[in-house]
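As the structure lists them, so they are numbered: ligands from 1, and atoms in each ligand from 1. All values reported here derive from a predicted model rather than from experimental measurement.
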Amino acid sequence: MKGIYIHIPFCASACFYCNFHFSTAKKFQKDFVQALKKEIILKKNFFTENTIIDTLYFGGGTPSVLELGDMEDLCSFLHLHFNLKSLKEFTVEANPEDLSLNKLKKFKELGVTRLSIGVQSFNESTLKYLGRQHDGKQALKSIENAQKADFENISIDLIYGVPTQTKAIWQKDLETFYQLNLPHVSCYCLTIEDKTPLALWINQKKIKPVDDDLSVCHYKTMTPIMFQKGYVHYEISNFAKHTYYSKHNLIYWQNGAYLGLGPSAHSYNGSFRSWNISHTSHYINAVNNHDTLTESEKPDKSTLFNEYIFTALRTMWGVKWSKVKTVFGENYYDYLNKKMRHVQMQHMLEETSEGFRISEKGKLFADKIAAHFFVV
Ligand code: SF4
């Protein structure tokens, strides 16, 4: 599978927890779109000629803040330079306040097949703590509009572990999600990133800090009900009804090749990793002045092995012995086997027909478990 990711670095305002690369300065949007088109030309040979692209993903930032004309322009341009005729999935990330019926119908015409809506919560106090622009009603309305526009493959993001979010509030968010009968949800635990307003206010003791016990309680509330409702916990933060797994994200998790375009976007061609300047106006200048836009590196075998272990253990497919042997060789295979035999956390792991994965119980400690197997 091959994918293209487009990073749209604009947001209407800054959420209090966010440390992604984005800008609220609308004045750069037109220049950005032109620069992105130039980057598309620069990187059109990233894949060999006529390679069939399986997935296209507009992420951000907030792609839904783009004007429809710009979105249309970018889609036509991408079609001109890449083989997108057999796309299996075309996802656009969107915020509820942007999703008018008119915009959604246009997305449909442009070939968008999947929406990832940044709902985060349906509860007003949670949304307020997070600094989101929408309210619960708008979140519901955006989903209703998406369904009216004939979107079936809809995912929403939800956040748990928010200090103002009682267990009852979190359960209500989950119940609302089940009632909507959507096929996919990404549930993220709130983490406080450096240099965000939340980090500052917690430091100044103006707001409640996050509490690990609360996050664990929310996680434990969520997983059994998800199973009951028929959702597969296919990646640590992602649940889906069967066949609705995010195909684009599977490319990342299964070590496939992808091209990232736009500021801060990352690419991988099977041997080299590269990443773009993480600053919108510097990105625009670099493209226009033919300056260095992208840095790259060829990761060594042990880095690739550690990355494989880390990502594979986050998914339900887990680590595959055959892959370890064929991709990394006998030495890595023997090393992993030995580590497995001496592991102190057997109850956190379970065997699969092809290898091993983290058990439901172990998922709360996934990073720690993966680190145990790293080559240092
Ligand atoms: S909309 Fe998304 S990318 Fe933009 S500030 Fe909020 S969390 Fe960050």
Compute the minimum heavy-atom distance from S13 to ligand 1 and say whether it is under 4.0 Å. yes

May I ask you to decide if the ring planes of Y160 and W170 are parallel, tilted or perpendicular, using 30° and 60° as cut-offs? tilted

Using only atom types and a distance under 3.5 Å, with no angle test, would you say the side chain of N276 pairs donor to acceptor with the backbone of S264? no

Near R132 (heavy-atom distance under 4.0 Å), the atoms of ligand 1 are 1 (S), 6 (Fe), 7 (S)

At under 4.0 Å between heavy atoms, is it the side chain or the backbone of A12 that contacts ligand 1, or both, or neither? neither

4.0 Å heavy-atom contact, G118 with ligand 1: no

min-distance protein heavy atom vs atom 1 (S) of ligand 1 -> N95 ND2, 3.3 Å

Any heavy atom of Q133 sitting closer than 4.0 Å to ligand 1? no

At under 4.0 Å between heavy atoms, what of C15 touches ligand 1? The answer is both

Candidates F328, Y333, F373 - the one meeting ring pair (Phe, Tyr, Trp, His ring centres under 6.0 Å) with F305: F328

So, are E307 and R273 salt-bridged, with charged N and O less than 4.0 Å apart? yes

Could you tell me whether the side chain of R132 and the main chain of G118 form a donor-acceptor pair under 3.5 Å? yes

Would you say the ring centers of F239 and H233 fall short of 6.0 Å from each other? yes

Atom 4 (Fe) of ligand 1 has as its nearest protein heavy atom C11 SG, 2.3 Å

Output the list of atoms in ligand 1 that are nearer than 4.0 Å to some heavy atom of C18, sorted by atom number. 3 (S), 5 (S), 7 (S), 8 (Fe)

Less than 6.0 angstrom from the centroid, inside 45 degrees of the normal: does K44 satisfy that with respect to the ring of F82? no

Look at atom 7 (S) of ligand 1 and say which protein heavy atom is nearest, naming residue and atom and giving the distance to 0.1 Å. Y17 OH, 3.5 Å

So that I know where these two stand, are F122 and F177 an aromatic pair - ring centroids less than 6.0 Å apart? no

Those atoms of ligand 1 less than 4.0 Å from some heavy atom in T62: 1 (S), 4 (Fe)

